[in-house]
Amino acid sequence: MAEIIIVPTPEDAGRLAGTAIADLLGARPDAVLGVATGSTPLPVYDDLRTRLAGRDVSRVRAFALDEYVGIDRDHPESYHSIIQNQVTLPLGLTPSLVRVPDGQAADLERAALEYDEAIRKAGGIDLQLLGIGSDGHIGFNEPGSSFASRTRVKTLTPQTREDNARFFASIDEVPRHALTQGLGTILEARHLVLLAFGEAKAEAVALALEGPLSARVPATAIHLHPHCTVIVDDQAASRLADRSFYEYVFANKPAWQGL
Ligand code: PGA
């Protein structure tokens with residue numbers, strides 16, 4: 001079972017995930033991180049800014065989960081720009097070692113294949129950060145995505161476009177397609193860390209953690225992974241039926257066991 005950790009605030013989650021990432025980089029200075037965009041991972045990046053300050057992170061490699069198709073890579077809301085401004089520059093990573101899918105490639109299918117190949121050549125992702133969409137997506141793997149899917153183009157659901165409209169001047173500007181790591185790609189990462197905050201995620205979290213395994217809720221794919229840590233705040237945990245059990249398990253976690 002995925003480890004489910006319920007914390008009071010997103011900042012607490014940021015500290016836990018930040019510690020796990022800093023420990024990984026301490027053990028492997030050239031570790032491969034899977035980085036995510038959206039509001040959810042921001043407390044992790046905030047934590048890492050101070051936690052990694054002064055440390056040599058020049059060999060750290062990173063792959064983003066996804067990128068919009070149809071907006072310029074220099075658009076402020078492209079994931080290329082966001083990863084650069086929220087991850088690469090603030091954490092001091094080496095820009096050439098941080099990759100984002102090429103949503104502007106003339107041949108998107110080829111770009112997708114090359115992205116999976118680049119992850120493979122890097123030796124695979126050590127730790128993959130994940131958010132969850134209100135429709136249960138991870139990456140941009142929308143409902144119906146195959147658990148075996150590889151990096152490819154997906155059509156964003158109307159709900160995802162509405163959720164992301166807050167980043168754009170109007171919903172009409174939100175792209176309709178994205179290049180995203182597939183669920184099969186994500187499941188190859190050695191450690192998944194899924195985060196969710198706020199009431200708006202409570203239903204998706206309950207379906208992902210306690211519902212039946214279903215392509216309709218792509219985040220249920222995490223149950224196929226042997227090492228997945230889910231960190232949610234009180235509000236995102238509010239619809240979990242077995243909440244007290246998860247709290248009991250965490251409270252009794254052996255001291256030797258890290259995340
Ligand atoms: P959010 O998006 O972090 O902005 O809520 C999460 C996601 O869509 O995966």
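Note that the structure is a prediction, hence the values are computed from the model and not measured. Counting convention: from 1, in listed order, for ligands and their atoms alike.
More than 12 heavy atoms of other residues, nucleotides or ligands lie within 6.0 Å of CZ in R243, so this atom counts as buried by the packing criterion. Annotation for E210: atom CD counts as buried by contact number, over 12 foreign heavy atoms lying within 6.0 Å. More than 12 heavy atoms of other residues, nucleotides or ligands shown are found within 6.0 angstrom of CZ on R28.
With a 4.5 Å cut-off on side-chain heavy atoms, R49 and L91 count as touching.
Among the candidates R152, R150, K121, the single residue satisfying the salt bridge (Lys or Arg N to Asp or Glu O under 4.0 Å) test with D116 is R150.
Closer than 4.0 angstrom to ligand 1 lie heavy atoms from G38, S39, T40, G131, I132, G133, H137, R166, K201.
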- [ ] Check the pair H191, T229 against side chain to side chain donor-acceptor pair (under 3.5 Å), reporting the backbone distance first and the verdict last.
- [x] CA-CA 8 Å; H191 183 194; T229 308; 2.8 Å; yes

